[in-house]
Amino acid sequence: MEFRPDIGTLSPTLREHLAPGNLLRAGINLSNFLLVSSRGPGGEPQGVSPDLARALAEHIGSSLRYVPYANPGLLADAALRDEWDVGLIGAEPQRAETIGFTPAYAEIEATYLVRDASPLRRIADVDVEGVRIAVTGRAAYGLWLDRHIRKATLIRSGTLDEAAVDFVEQKLEALAGLRPRLISDRAAIPGTRLLDGHFMTVQQAVGVPRPKAEAVDYLTRFVEAAKASGFIAALIRKHGVEGLSVAR
């Protein structure tokens, strides 16, 4: 799938800054199954975000190395350790302290799973005293809940699977997550339903460590061209991803 955006020339100095030694190291969040939907023969990540990283490397004429992380928190933590040059990760204010972000290229709805008998019917019903929400703590939607939940209690875990286990075993009132994942959780946990709407959308963007922030303008043009040309939509179709949309 060819993508040749007309976004101007990347200066040799900026190119070397972005991809030192002609190598672009792309930080990839393996826990986002919508963006990393499979593995290649050598175990390399495959999906929308690895393909977007490869298109960027091809566009600037550099080789590419994937730098995988088990979750977005670990990817974000590595921003100032010179482990990656671009990171494909949800853009959140907490992360913006160490990462410069482009506009989002894709977005994913986050909502709640509750029990059929629950009195919770709307998103606004969840943030009340006595409600306990299972959540993957350092996911982008978990960071959003950290900032916005005022009355309910967040029960944080390290992984998506652990959050689902907490919801079941501790008999919590709600499980927060990305809608596509919660659809599979609903099938696995009898007697549950999804709330309509969403409490936020995870904005998937391309980030660079703050020391490389001068590259954000060029990367922004790359991302906007990828959306406008239909390239992002084509990647979503290619990988058969449901629940991931081109960012508005």
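Computed from a prediction, not measured in an experiment: that's the story for all the values here.
- Ring orientation note: the planes of F231 and F3 are close to parallel, at an angle under 30° on the 30°/60° scale.
- A continuous path of ILVMFWY side-chain contacts below 4.5 Å connects V206 to V241, so both sit in one hydrophobic cluster.
- Using a 4.5 Å heavy-atom cutoff, the side chains of R138 and D77 are in contact.
- Without hydrogens or angle criteria, S37 side chain to G47 main chain gives no donor-acceptor distance under 3.5 Å.
- Between T9 atom OG1 and Y218 atom OH the span is 7.0 Å, to the nearest 0.5 Å.
- The salt bridge (charged side-chain N to carboxylate O under 4.0 Å, His left out) test applied to E44 returns no partner, not counting sequence neighbours.
- In this structure, L24 CG and L18 CG are separated by 5.5 Å, a value rounded to the nearest 0.5 Å.
- The list of side-chain hydrogen bond (donor to acceptor under 3.5 Å, both in side chains) pairs with a residue in residues 184-193, not counting sequence neighbours, reads R181-D185.
- The two residues S31 and L160 have their closest heavy-atom pair at O-CD1, 4.0 Å.
- The other residues sharing a hydrophobic cluster with I89 are V67, Y69, L74, L75, W84, I99, F101, where clustering joins ILVMFWY side chains under 4.5 Å apart.
- Within the structure, salt bridge (Lys or Arg N to Asp or Glu O under 4.0 Å) pairs that include any residue of residues 22-43 comprise R25-D82, R25-D85 (at least two apart or interchain).
- Under the 4.5 Å side-chain criterion, counting only non-hydrogen atoms from C-beta, Y105 is in contact with L35.
- Of all the heavy atoms in L52 and L235, the pair that sits closest is N-CD1, 4.1 Å.
- In this structure, L64 CG and R54 CZ are separated by 5.0 Å, a value rounded to the nearest 0.5 Å.
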| task | Output, in order, the C-alpha distance, side-chain angles, deciding distance and verdict of side-chain contact (heavy atoms from CB on, under 4.5 Å) for V202 and N32. | result | CA-CA 11 Å; V202 178; N32 192 319; 5.6 Å; no
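- Both F199 and V126 belong to a single network of hydrophobic side chains, linked directly or stepwise wherever heavy atoms of I, L, V, M, F, W or Y lie under 4.5 Å apart.
- In this structure, CD on E16 lies 11.0 Å from CG on L10, to the nearest 0.5 angstrom.
- Linking Ile, Leu, Val, Met, Phe, Trp and Tyr whenever their side-chain heavy atoms come within less than 4.5 Å leaves L195 and F167 in two separate clusters.
- The side-chain hydrogen bond (donor to acceptor under 3.5 Å, both in side chains) contacts involving residues 112-126 comprise R122-D125, where partners must be two or more places apart or lie in separate chains.
- The environment of CZ in R210 is crowded: more than 12 heavy-atom neighbours from other residues, nucleotides or ligands sit within 6.0 Å.
- Annotation: side chain of V168 is not in contact with side chain of L175 (no heavy-atom distance under 4.5 Å).
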Could you pull out every donor-acceptor pair under 3.5 Å between side chains of residues 221-228 and any protein atom, sequence neighbours left out?
unit_1: R221; atom_1: NH1; unit_2: I7; atom_2: O; d: 2.5
unit_1: R221; atom_1: NH2; unit_2: D217; atom_2: OD2; d: 3.3
unit_1: E224; atom_1: OE1; unit_2: K227; atom_2: NZ; d: 3.3
unit_1: K227; atom_1: NZ; unit_2: A104; atom_2: O; d: 3.0

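- E92 places a side-chain heavy atom less than 4.5 Å from the side chain of M200.
- Judged by distance alone, the side chain of Q203 and the main-chain N or O of A106 form no donor-acceptor pair under 3.5 Å.
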| Could you walk me through whether L143 and R95 pass the side-chain contact (heavy atoms from CB on, under 4.5 Å) check? | CA-CA 9 Å; L143 297 175; R95 296 172 182 165; 3.5 Å; yes
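- Residues satisfying the salt bridge (charged side-chain N to carboxylate O under 4.0 Å, His left out) test with R179, not counting sequence neighbours, are E109.
- Closest approach of N22 and S62 over heavy atoms only: OD1-CA, 3.3 Å.
- At a threshold of 4.5 Å between non-hydrogen side-chain atoms, the residues H17 and S11 do not count as touching.
- Contact annotation: the side chain of S49 never approaches that of N29 to less than 4.5 Å [non-hydrogen atoms, C-beta and beyond].
- Legend: residues meeting side-chain contact (heavy atoms from CB on, under 4.5 Å) with A139, ordered by chain and number and at least two apart, are T136, Y141.
- Scored by the side-chain contact (heavy atoms from CB on, under 4.5 Å) test, S38 finds Q46 as partners (sequence neighbours excluded).
- L178 and L172 fall into different hydrophobic clusters, where Ile, Leu, Val, Met, Phe, Trp and Tyr side chains are chained together by heavy-atom contacts under 4.5 Å.
- Between atom CD of residue Q204 and atom OG of residue S245 there is a gap of 12.0 Å, rounded to the nearest 0.5 Å.
- I236 has its side chain within reach of I232: a pair of non-hydrogen atoms, C-beta onward, lies under 4.5 Å apart.
- With sequence neighbours excluded, the residues forming a salt bridge (charged side-chain N to carboxylate O under 4.0 Å, His left out) with D51 are K238, listed by chain and number.
- Shown here are the salt bridge (charged side-chain N to carboxylate O under 4.0 Å, His left out) partners of R237, two or more places apart in sequence or in another chain: there are none.
- Listed here is the closest heavy atom pair of V208 and A213: CG2-CA, 4.0 Å.
- The list of side-chain hydrogen bond (donor to acceptor under 3.5 Å, both in side chains) pairs with a residue in residues 150-160, not counting sequence neighbours, reads D146-R156.
- Residues P180 and F33 form a side-chain contact, since some pair of their non-hydrogen atoms from C-beta on lies under 4.5 Å apart.
- Nearest heavy atom pair, residue I133 against residue A176, reads CG2-CB, 3.8 Å.
- Of all non-hydrogen atoms in E83 and A78, the two that sit nearest each other are OE1-CB, 3.3 Å.
- The same ILVMFWY cluster, assembled from side-chain heavy atoms under 4.5 Å apart, contains both I149 and V131.
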